[in-house]
Amino acid sequence: AEPLRQGLIPDQPGITPDELRRRIVTRRPGIVLDVRRSSEYAYGHVDGSFWVPRGDLERRVPSLAGTDESVVVLSDLGRRAALAAATLRELGYADVTILEGGVAAWVEAGGRLVAGLGTADVSLAEAKEDNGLMDPRAQDLNRSRADMERYLEWEVRLSEQFTSAG
């Protein structure tokens, strides 16, 4: 029987953020799949990753990768990635690894995220709806450039106040 992590999550082979970065730099990352919600992907994802919701793996992955290709799966902390990796193995994908610690570990190790929908085959309206249902930051996707400029100006003024106050 396959060992279980936390009682429910299948233990899957993993790679470190540094190893994924090396693979990306050498242009040999394999296929990188992000299995988070569309709104999470829109907030920030590893550049070049493909958004495939965990619940749609069976339908979408065959058009992205053959069973003989290397696949790296990532999610926020790695739990959904481990479940998705187990599903991919059941589908015949032999070379499947997860990003250890997920996107959180990637960022902690200095990895860059890009915002936007990138390879996601979902509209901005759908991502906003997904975000509104699941995430208290839902209004963030409705911000304009002017809103962000006002916020940054406020941040600068606040910083100046603390600096002058000593």
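- Contact check on Arg22 versus Asp18 returns no salt bridge, with no Lys/Arg side-chain nitrogen under 4.0 Å from an Asp/Glu carboxylate oxygen.
- For the pair Ile15 and Glu100, the minimum side-chain heavy-atom distance is 4.5 Å or more.
- Checked by atom type and distance alone, the side chain of Trp51 never pairs as donor or acceptor with a backbone atom of Leu33 at under 3.5 Å.
- Expressed to the nearest 0.5 Å, how far CD1 of Ile98 lies from CZ of Arg80 amounts to 13.0 Å.
- When side chains are defined from C-beta on, Gln12 does not count as touching Thr97, because their heavy atoms never get closer than 4.5 Å.
- Placement of Val72 and Val35 in two distinct hydrophobic clusters is found when ILVMFWY residues are connected by side-chain heavy-atom separations under 4.5 Å, directly or transitively.
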Side chain to side chain contact (heavy atoms under 4.5 Å, CB included) between Leu88 and Val73, intermediate numbers included: CA-CA 10 Å; Leu88 290 170; Val73 186; 3.7 Å; yes
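- Both the sub-6.0 Å distance and the 45° axial angle are satisfied by Arg21 relative to the ring of Trp106.
- A heavy-atom distance below 4.5 Å is found between the side chains of Val46 and Ile24.
- In this structure a side-chain-to-backbone donor-acceptor pair under 3.5 Å is present from Tyr93 to Ala65.
- Side-chain atoms of Arg89 come within 3.5 Å of backbone atoms of Ala94 as a donor-acceptor pair (strictly under, hydrogens ignored).
- Side-chain contact check for Glu40 versus Ser75: every heavy-atom pair is 4.5 Å or farther apart.
- The shortest distance between side-chain heavy atoms of Val32 and Arg23 does not fall below 4.5 Å.
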